[in-house]
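Shown next, in structure tokens, is the structure this report addresses.
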There are 2 protein chains.
Amino acid sequence: MAGRPPKPRTGSEAELPRVEAVERALALLACFREGRTHLTLKELADAAGLYASTVLRLSGSLERSGYLRREADGRFRLGPAVLPLARIYRLGSPLEGIIRPALQDLARETGETAAFYTREGEARLCLYRVNGPRPLRSHLEEGSLLPLALGASGHVLSVWSGIGHPREAAIRAAGHAVSRGERDPDSAAVAAPVFGADGRLLGALGLSGPITRFDAAAVPRLAGLVQAGAARLSAALRAG
Amino acid sequence: MAGRPPKPRTGSEAELPRVEAVERALALLACFREGRTHLTLKELADAAGLYASTVLRLSGSLERSGYLRREADGRFRLGPAVLPLARIYRLGSPLEGIIRPALQDLARETGETAAFYTREGEARLCLYRVNGPRPLRSHLEEGSLLPLALGASGHVLSVWSGIGHPREAAIRAAGHAVSRGERDPDSAAVAAPVFGADGRLLGALGLSGPITRFDAAAVPRLAGLVQAGAARLSAALRAG
DNA sequence: AATAATAATTCTGTCCAGCGGAATTTTAAT
DNA sequence: ATTAAAATTCCGCTGGACAGAATTATTATT
């Protein structure tokens, strides 16, 4: 008697429809950064490349909905409505239950901080992280946006997502990337790619810590563990 | 030689400008809930009260910007772009440094879980929480949206934000609210209002735990501590 | 105080982007 | 095959959003 939910149109990659005003509004939200948490109207307009009057109109709706707040001094900042979104995102993420345990294993085996990154536009986003047990350890927060150009995980994401990379051949051959003192002069990292069920790049599994613990003697072992962990993750995702 | 940022137009409360499409798009994001993390197009359209074709158009832009993801089976879920927003919101929040220490004090003094809620539309939002030390304790997450009608903190927010409340007079007179077995049959809570520098309600300071530890003998002491904590917070906000 | 410089906000005519609804296609159950 | 429900495409009309000028507010400087 009944029909049931069809799959969405086969991946004809037909242009995704769009609504200008919505994308502009979201672009406003993306203007806030670490260290740029409060912005004046002009700063916001400049950062987004929009007219101030346009920003004011858009911000009206963002404010109503709780995504933006306006301080007494007139400066904008993000509103509390973003918190529930982040929570629901995590609850709905199928990766949560698979990746976090893997990070825990890796952090325990190595004593360093383990993290999982995905590419988000021209940046990499720390989706999950588990701190290592050592007192001196890499400090990192979930939800952080970091440059794609710097750090082992950034290299991995660049290479396997098809952006060019100066050391592409070497990294592909090794199956992992190493960075020493790139993003922070005292830190180092090792990372390897994780692939989804469809064989496409999902993200990078990374290990980071003080540069003194990532010397020539230690890196091969760490790299081996990271690569093994990434391979196990990819296999689990293929299965599950 | 120069002029400097003026305050925004005096609070004439002139209608905040708006952009329909933006508010509709944000309403789509708000349709996702705990337990409703994956929605089909129809579910989403019904929940938002919009035409499916409209949802499809709006979702295009949300998807491009990373706020929405579409699974292989066609269902929508929130995208990773919401994570950085939540992080930046926290970084920019002036309350962070004042409220969290207060919660820690309260949790230590009482052994129970302390939390700070604000009203967000017809719900209350858990902005901060600090777990108590006891093994059996109230479990709660930052970013959770809870009903305004249930729980001590909900009562406090209702009473002091000017919504009617059946026990309004009693709660106002006491300066705090108590709830036993409302949201969860085995839990209880005590809460008191926190006011900002301008004297307006900022949120509710709440303490929650197993109902067996919130009996007639214990509640007066807990209520006193919560009220004292809330008063100290309000004073600190007036000063700082 | 007066002035100058700049930021914030309001206002408005024009035009196109977004809306809704119908039509079509896809999917799955019978 | 047939049917029913969901997903998607299509398109004409219209109202809402845009750009930019004009106005107002605020503060540094003289």
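Each chain gets a letter, A, B and so on, in the order its sequence line appears, and its residues count up from 1.
OP1 or OP2 of C:dG20 sits under 4.0 Å from a side-chain N or O of B:T54. When the side-chain nitrogen and oxygen atoms of B:R75 are compared with OP1 and OP2 of D:dA7, none of them lie within a distance under 4.0 Å.
Counting only heavy atoms from C-beta on, A:L41 has its side chain closest to C:dA8 among D:dT8, C:dC19, C:dA8. Side-chain proximity of B:L58 to the nucleotides C:dC19, C:dA7, C:dT10 is greatest for C:dC19. Checking C:dC19, D:dA7, C:dA8 against the side-chain heavy atoms of A:K42 singles out C:dA8 as nearest. With distances taken from any side-chain atom of B:R70 to the nucleotides D:dT8, D:dA17, C:dA7, the minimum falls on D:dT8.
Spacing between atom CD of A:E23 and atom P of C:dA17 amounts to 13 Å, rounded to whole angstrom units. Counting to the nearest Å, the P atom of C:dT27 and the CG atom of B:D73 are 14 Å from each other. Per the geometry, CD belonging to B:E20 stands 21 Å off P belonging to C:dC16, to the nearest Å. Between the P atom of C:dT10 and the CZ atom of B:R18 lies a distance of 16 Å, rounded to the nearest Å.
The two atoms that bring A:V22 and B:A21 nearest to each other are CG2-O, 3.6 Å, heavy atoms only. Residue B:L85 comes nearest to A:V82 through the heavy atom pair O-CG2, 3.8 Å, listed as atom of the first residue, atom of the second, then distance.
Along DNA chain C, the nucleotide closest to B:S53 and the one closest to A:V22 are compared, and the more 5′ of them pairs with A:V22. Nearest-nucleotide mapping onto DNA chain D: of A:R24 and B:E43, the residue sitting toward the 5' end is B:E43. The 5' end of DNA chain C is approached more closely, in terms of each residue's nearest nucleotide, by A:L56 than by the other of A:V19 and A:L56.
A:E43 has no carboxylate O lying under 4.0 Å from a charged side-chain N of A:R75, or vice versa, which leaves the two without a salt bridge. Contact check on B:R70 versus B:E63 returns no salt bridge, with no Lys/Arg side-chain nitrogen under 4.0 Å from an Asp/Glu carboxylate oxygen.
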